[in-house]
> 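Below is the structure I would like to discuss, written out as structure tokens.
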2 protein chains.
Amino acid sequence: MDRAPTDAPRLTTPTLQDVAARAGVSTATVSRALNFPDRVAAATRDRVMQAVADLGYSPNFGARAMAARRTNTIGAIIPTMENAIFARGLQAFQDGLRAEGFTLLVASSAYSAAEEEEQIRTLVARGADGLLLIGHERDRRIRDFLDARGIPALVTWAFDANAAHPSVGFDNRAAMRTLADRAIEMGHSRLAMISADTVGNDRAAERVAGVRKAMAAAGLDAADLTVIVTPYGIDNGGRALAQLMARDRAPTVVLCGNDVLAVGALRQARLMGLDVPGDLSITGFDDIELAQVAVPELTTVHVPHRKMGAEAARVLARMVRDGAPAEAVKLPADLRMRASLAPPRARRGGPRMWWPGASRR
Amino acid sequence: MDRAPTDAPRLTTPTLQDVAARAGVSTATVSRALNFPDRVAAATRDRVMQAVADLGYSPNFGARAMAARRTNTIGAIIPTMENAIFARGLQAFQDGLRAEGFTLLVASSAYSAAEEEEQIRTLVARGADGLLLIGHERDRRIRDFLDARGIPALVTWAFDANAAHPSVGFDNRAAMRTLADRAIEMGHSRLAMISADTVGNDRAAERVAGVRKAMAAAGLDAADLTVIVTPYGIDNGGRALAQLMARDRAPTVVLCGNDVLAVGALRQARLMGLDVPGDLSITGFDDIELAQVAVPELTTVHVPHRKMGAEAARVLARMVRDGAPAEAVKLPADLRMRASLAPPRARRGGPRMWWPGASRR
DNA sequence: TTGTACGCGTTATCAA
DNA sequence: TTGATAACGCGTACAA
């Protein structure tokens, strides 16, 4: 009665009803045929599937979510999509999730706590059964929000067994410290850093802390460490390096909070006519593809993106499915020694004048 | 009766009902207060908002979508998130969308037609009011699917005024041709390409066609063009270059289908001890950040990522809102001449031995 | 193995 | 300005 008897194409999306009508069964049967194929007779199942194909039916997600009270969807909020930092890990995460029968929804927060909170609410409103978050540091309210709704969240890109949420990640501080140790062993004593803002970014904070710890352990004054804070970005890395080199007592090694900043610094050094690593060593963090394309190739901390993503998928899937209280997983992050870090003043080529500031303690 | 009279925190997400009860109004009023604040009395509105805040209420997206029959959500399917090719454009798109009151949902197809189709269905099932697609080439079924549901789709990263869907993009063929023209003018006659698979990828196909056209116009035999086909990826670009240089009659210029391949080729050339652009010129396409970080800096085609994203947001928002049949927008993509392209055999520095194969026609 | 009927949380129409 | 109430499309007891 509400449908004209013509054969004009309906500009409407087919529903379960339509499929049921065409297959000559009830909507319940269609639903079952779709969700539990083995609980319906083969013959009816075939009829249903045929009707589904004929109509180009696909289930309405919202309705399904509402009725089933679950979506098989996982949400992830990453700080940025602008560069490849999180890309590889996320890809692995998505692949792992798919294998577990989940779909991934990604949002980005632009490194803003407020935006992250909004995105979390959005994803939850959209029915995310679980959440992947980057780093531990965030407002307590968010944890309460998720707890109240019984939505499990897993943190990655950081590791802290005692934090509010379980994590699958690595120890940012220890990793950076290892790198700084190595630089100091090589004879560097004038270190500087280029870092992202450490407010609300525990990975950045931990990395700075790692350098300070290495300095203190080597008998250097950690207070001497100059840290330029700037948003991630190639150009920003370049500008920061320029600032650093303009100071008196310029550093002999610049440890960057990530590869993107480091590549920018590298580029700036080249523009300034500085030889890396002859005049100046530069290091990164993350080991994204960029690091190996840079000239000279970048010494950096290798983050196990793929393994981390895959592992996170496994753990989070378990949390969502079993309501399990989740194992935290600590992954190793090791050094990738490449050309951009070398002893200060290019002493590699053979004996040279010894320079007081470059003592090995 | 179904709720224990204790004050134990309910592990459930608050609904409109809950808010209504707490504010002492009907659900209809809460809904209005949320969606049309000026259609309810200031006093009641305040009460409602307070209840919303108290409860930490956020509307269930699925239910809302079902009742309102629209989601203010736009879906985008991009070929990959693994590198930054689409990142900047997508960011601009998202920003533009937000300004128009829409939310963006992103999915990636891994350059697979089948996956793209699946993602399209998924996004539509999730209620996307409109879709952003990359490139024109896809199965006819998809267009029918979208047409039947009345879901507008906009194509970007390509321009074709006559295609099924309207587009906001640039002319891949013309852009690549301009670059090839330039190389030929410089004296190159032995061109080669490294391209992504052109099946189902009209951008790649058009770029190859552009080079062929330039060769033909210059009196070169387009059939002579060697094209190595490989998936996008830095390593793949490197391997392809190695293959190219192993052939007899190696090229003097390698035009790459995008910057990622080009940077890989650049790296491989360095490993092989080839001087770029002295021994060999290499060019890219896209002008992502990578291009300026590469050594030597990459000559490439500049794609107006930001403008394209912003414009696409504007146009698609109009399509969704007004059901408007959409203006196609053609954007310019111009050359960025940098160091990686130069006349063959490094004749720039002064007189040199002339080499037969390197004639300038 | 299949069908009936209710509820999921929201918007929107219609009355009051 | 507000309140009832009927959809929206699907899953799932429960019954047949």
Side-chain angles (χ1 to χ4, degrees), chain A residues 1-3 10 12-48 51-52 55-73 121-122 124-127 129 149, chain B residues 1-3 10 12-48 51-52 55-73 121 124-127 129 149-150:
Chain A
M1 188 179 176
D2 58 338
R3 217 166 264 165
R10 312 175 339 207
T12 174
T13 111
T15 72
L16 255 203
Q17 294 265 22
D18 298 326
V19 177
R22 184 174 184 108
V25 297
S26 74
T27 58
T29 299
V30 177
S31 177
R32 272 188 297 256
L34 258 30
N35 298 308
F36 312 96
D38 37 318
R39 285 192 205 168
V40 336
T44 31
R45 186 175 55 226
D46 292 347
R47 284 219 313 289
V48 169
V52 165
L55 265 36
Y57 168 80
S58 50
N60 179 309
F61 183 83
R64 168 176 277 192
M66 207 159 35
R69 318 189 63 64
R70 116 195 100 68
T71 61
N72 291 325
T73 294
R121 290 187 183 279
T122 301
V124 167
R126 285 192 123 92
D129 292 333
R149 284 164 174 69
Chain B
M1 188 178 172
D2 57 339
R3 218 166 263 166
R10 311 172 340 201
T12 175
T13 108
T15 71
L16 254 202
Q17 294 262 22
D18 299 325
V19 177
R22 185 175 184 107
V25 298
S26 74
T27 58
T29 299
V30 177
S31 178
R32 270 188 298 257
L34 259 29
N35 298 310
F36 312 96
D38 37 318
R39 285 193 204 167
V40 329
T44 33
R45 184 175 56 224
D46 291 348
R47 285 219 313 290
V48 168
V52 165
L55 264 36
Y57 167 81
S58 49
N60 179 310
F61 183 83
R64 169 176 277 193
M66 208 158 40
R69 318 189 64 64
R70 114 193 102 69
T71 61
N72 290 328
T73 295
R121 289 185 184 280
V124 168
R126 285 191 124 91
D129 291 334
R149 284 166 174 66

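Predicted, not measured: the structure shown is a model, and the values here were computed from it. In what follows, every chain begins at residue 1, and chains take the letters A, B, ... in the order their sequences are listed.
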> So how far is it from Ser31(A) OG to Arg39(A) CZ, rounded to the nearest 0.5 Å?
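That separation rounds to 10.5 Å.
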> Do any N or O atoms of the protein come closer than 3.5 Å to N or O atoms of nucleotides 11-13 of chain C, and which pairs are they?
residue	atom	partner	partner atom	Å
dT11(C)	OP1	Asn35(B)	ND2	3.0
dT11(C)	OP1	Arg64(B)	NE	2.8
dT11(C)	OP1	Arg64(B)	NH2	3.1
dT11(C)	OP2	Ser31(B)	OG	2.6

> Counting heavy atoms from C-beta on, name the nucleotide in dT2(D), dT10(C), dG9(D) closest to the side chain of Thr15(A).
dG9(D)
> Please report the interatomic distance CZ(Arg64(B)) to CZ(Arg126(A)), rounded to the nearest 0.5 Å.
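Arg64(B) CZ to Arg126(A) CZ: 11.0 Å, rounded to 0.5 Å.
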> Compare all side-chain heavy atoms of Val25(B) with those of Val48(B) and state whether any distance is below 4.5 angstrom.
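Side-chain contact under 4.5 Å: yes.
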> Nearest 0.5 Å, please: how far is CG in Leu55(A) from CG in Leu16(A)?
11.0 Å
> May I have the distance from Gln17(B) (atom CD) to dC8(C) (atom C1'), rounded to whole angstrom?
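It is 11 Å, rounded to the nearest whole Å.
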> Using whole Å, what does the distance between atom P of nucleotide dG11(D) and atom CZ of Arg39(A) come to?
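Distance check: Arg39(A) CZ to dG11(D) P gives 13 Å.
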> Just so I know, are the side chains of Leu34(A) and Val52(A) near enough to count as touching, which here means a heavy-atom distance under 4.5 Å?
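Yes, their side chains come closer than 4.5 Å.
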> Between Met66(B) and Val25(B), just flag the one whose closest nucleotide in DNA chain D comes earlier from the 5' side.
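Between the two, 5'-proximity favours Val25(B).
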> Rounding to a whole Å, what distance do you find between Arg47(B):CZ and dT1(D):C1'?
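In whole Å, dT1(D) C1' and Arg47(B) CZ are 12 Å from each other.
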> Would one find a side-chain N or O of Ser26(A) under 4.0 angstrom from OP1 or OP2 of dG3(C)?
yes
> With a 4.0 Å limit, can you tell me whether Thr29(B) has a side-chain N or O closer than that to the phosphate oxygens OP1/OP2 of dG3(D)?
yes
> Within this structure, what is the OG1-OH distance for the pair Thr13(A) and Tyr57(A), rounded to the nearest 0.5 Å?
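Rounded to the nearest 0.5 Å, the OG1-OH separation comes to 8.0 Å.
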> On the nucleotide dG9(C), are OP1 or OP2 found under 4.0 Å from the side-chain N or O atoms that Arg69(A) carries?
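Result: yes.
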> Over how many whole Å does the gap from Arg126(B) atom CZ to dC10(D) atom C1' extend?
15 Å
